[in-house]
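Structure incoming, see below.
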Number of protein chains: 2
Amino acid sequence: MHSPKRMLFLDLVLSVFRLNGLLIAEGDTMTDQLGLTSARWKVIGVIALSNAGLTVPGIARVLGQSRQAVQRLTDVMMADGLVQYQANPKHKRSVLVILTDAGKDAYHALRDVQDPWALRNTDDIPIEELETALRLVRRLIQKFDK
Amino acid sequence: MHSPKRMLFLDLVLSVFRLNGLLIAEGDTMTDQLGLTSARWKVIGVIALSNAGLTVPGIARVLGQSRQAVQRLTDVMMADGLVQYQANPKHKRSVLVILTDAGKDAYHALRDVQDPWALRNTDDIPIEELETALRLVRRLIQKFDK
DNA sequence: ATGACAATGACAACATACTGGCACAACTAC
DNA sequence: GTAGTTGTGCCAGTATGTTGTCATTGTCAT
């Protein structure tokens, strides 16, 4: 009864909800000087990490989101000049999304803010704790991502 | 350069985003038999843990969300008969939100699904790892919640 | 008491994300 | 090749949550 593991887990779940909201707020604060939002930052980050560009459903799979949500984001980001669409030799209809020069500039400007932020928020946390937490979070992701 | 801590932290941040989405999906799956959603489950849970009921801004503070978001939820939950509003002796305008009998039933039914789910998903995870991860997540929450 | 400040309700606009449905393209198996 | 399955684009509807604004209520220092 009242298994401590069960309580711990539910507590962790609620804390993840809470942390998620706070991280989005942090991301929005970091990006609003750059004309971005945390949602757009995620998309730019995924594209920047790919070499030859990704399709919209491909980005969605990496982020674990619906392709419709990503499509909406890339459409407005194209209107804002951050990304552009490019013919995909592998697929007649599904174009590749690539960063424009403005998109690359935004990504680099963001890194200049994000990297000090990451260091600032981990300076008093032992690396072993970060590793343990990341391992556990990944384990849970695997459990639920089917 | 490329501080391992910095990379670990960014990896953890992205993983928290991912896990958050998966947990919401899990919550929706668990609750849709009960006519609930994960957002309503959060509200019901907070009210159930309070003794005399909470005001809408009070629930919002516990959840770390805007009072407007919670107000919208409680309004539709009242229309669905899960909660009701009660005069607040402490405040003329800000009423208390309390569970109806149907709301309490939903909460108990949810526990019957949620508790086995929590145990099932932690049976192969050492309790020490859960504790370490929870401690770290809470630490980050404190950092960002100001 | 009063005057300044914070909390609340109400309304509006917007951003993010999901699901469903339909048509077409691409792939796989036979 | 053809049939069946999967992937994709597009459109629509809905849920969740944010910010902003304004009037009103509560609180607190003086």
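Reminder, nothing fancy here: chain letters follow the sequence lines and each chain counts from 1.
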Touch class at under 4.0 angstrom, heavy-atom based, for A:Val76 against every strand present: nothing
Under-3.5 Å donor-acceptor pair between A:Arg67 side chain and D:dG9 base: yes
Flag for A:Thr37-A:Asp28: side-chain donor and acceptor within less than 3.5 Å: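 Side chains of A:Asp28 and A:Thr37: no pair found under 3.5 Å.
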Atom pair distance, as rounded to whole Å: CH2 in A:Trp41 and C1' in C:dT16: 15 Å
Separation of C:dA10 P from B:Arg72 CZ (nearest whole Å): 15 Å
Protein-nucleotide distance (B:Ile59, atom CD1; C:dT8, atom P), rounded to Å: 12 Å
Electrostatic pair A:Asp123-B:Lys5, nearest N-O below 4.0 angstrom: no
B:Arg61 side chain near C:dT8 phosphate (N/O to OP1/OP2, under 4.0 Å): yes
Gap between atoms CG and C1', on A:Leu36 and C:dT16 respectively (whole Å): 15 Å
A:Lys42 side chain near C:dA17 phosphate (N/O to OP1/OP2, under 4.0 Å):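 For A:Lys42, the contact criterion (side-chain N or O under 4.0 Å from OP1 or OP2 of C:dA17) is met.
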Sugar-phosphate only, base, or nothing, as touched by A:Thr37 at under 4.0 Å among non-hydrogen atoms: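 If one applies the 4.0 Å heavy-atom cut-off, A:Thr37 turns out to touch the sugar-phosphate alone, with no base involved.
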B:Leu23, B:Asn121, B:Leu134 screened by side-chain contact (heavy atoms from CB on, under 4.5 Å) with A:Val13, the one that passes: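 When B:Leu23, B:Asn121, B:Leu134 are each tested with A:Val13, the side-chain contact (heavy atoms from CB on, under 4.5 Å) holds only for B:Leu23.
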Touch class at under 4.0 angstrom, heavy-atom based, for B:Val70 against every strand present: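 The answer is nothing, as B:Val70 stays clear of every strand by at least 4.0 Å.
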Length of the CG-P vector between B:Asn20 and C:dT16, whole Å: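 Roughly 16 Å, once rounded to whole Å.
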Residue that, paired with B:Leu99, satisfies side-chain contact (heavy atoms from CB on, under 4.5 Å) out of B:Asp105, B:Ile47, B:Leu82, B:Val43: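 Of the listed residues B:Asp105, B:Ile47, B:Leu82, B:Val43, the side-chain contact (heavy atoms from CB on, under 4.5 Å) partner of B:Leu99 is B:Ile47.
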Charged N-O contact under 4.0 Å between B:Asp11 and B:Arg6: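 Salt bridge flag = no for B:Arg6 with B:Asp11.
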Of A:His91 and A:Gln68, the one whose closest DNA chain D nucleotide lies more 5': A:His91
Sugar-phosphate, base or nothing in reach of B:Ser94, heavy atoms under 4.0 Å: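 Here B:Ser94 touches the backbone only, sparing every base.
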Donor-acceptor pair (no angle test) under 3.5 Å: B:Arg93 side chain, D:dT25 base: no
OP1 or OP2 of D:dG17 under 4.0 Å from side-chain N/O of B:Ser66: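 Indeed not, no polar side-chain atom of B:Ser66 lies that close.
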Whole angstrom value for the distance that separates C1' of C:dT16 from CG of A:Leu23: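 A:Leu23 atom CG is separated from C:dT16 atom C1' by 16 Å.
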Touch class at under 4.0 angstrom, heavy-atom based, for A:Ile24 against every strand present: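 No contact.
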Whole-Å gap separating P (C:dG20) and CG (B:Asp32):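 Nearest whole value for this atom pair: 11 Å.
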OP1 or OP2 of D:dG7 under 4.0 Å from side-chain N/O of A:Lys92: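 Result: no.
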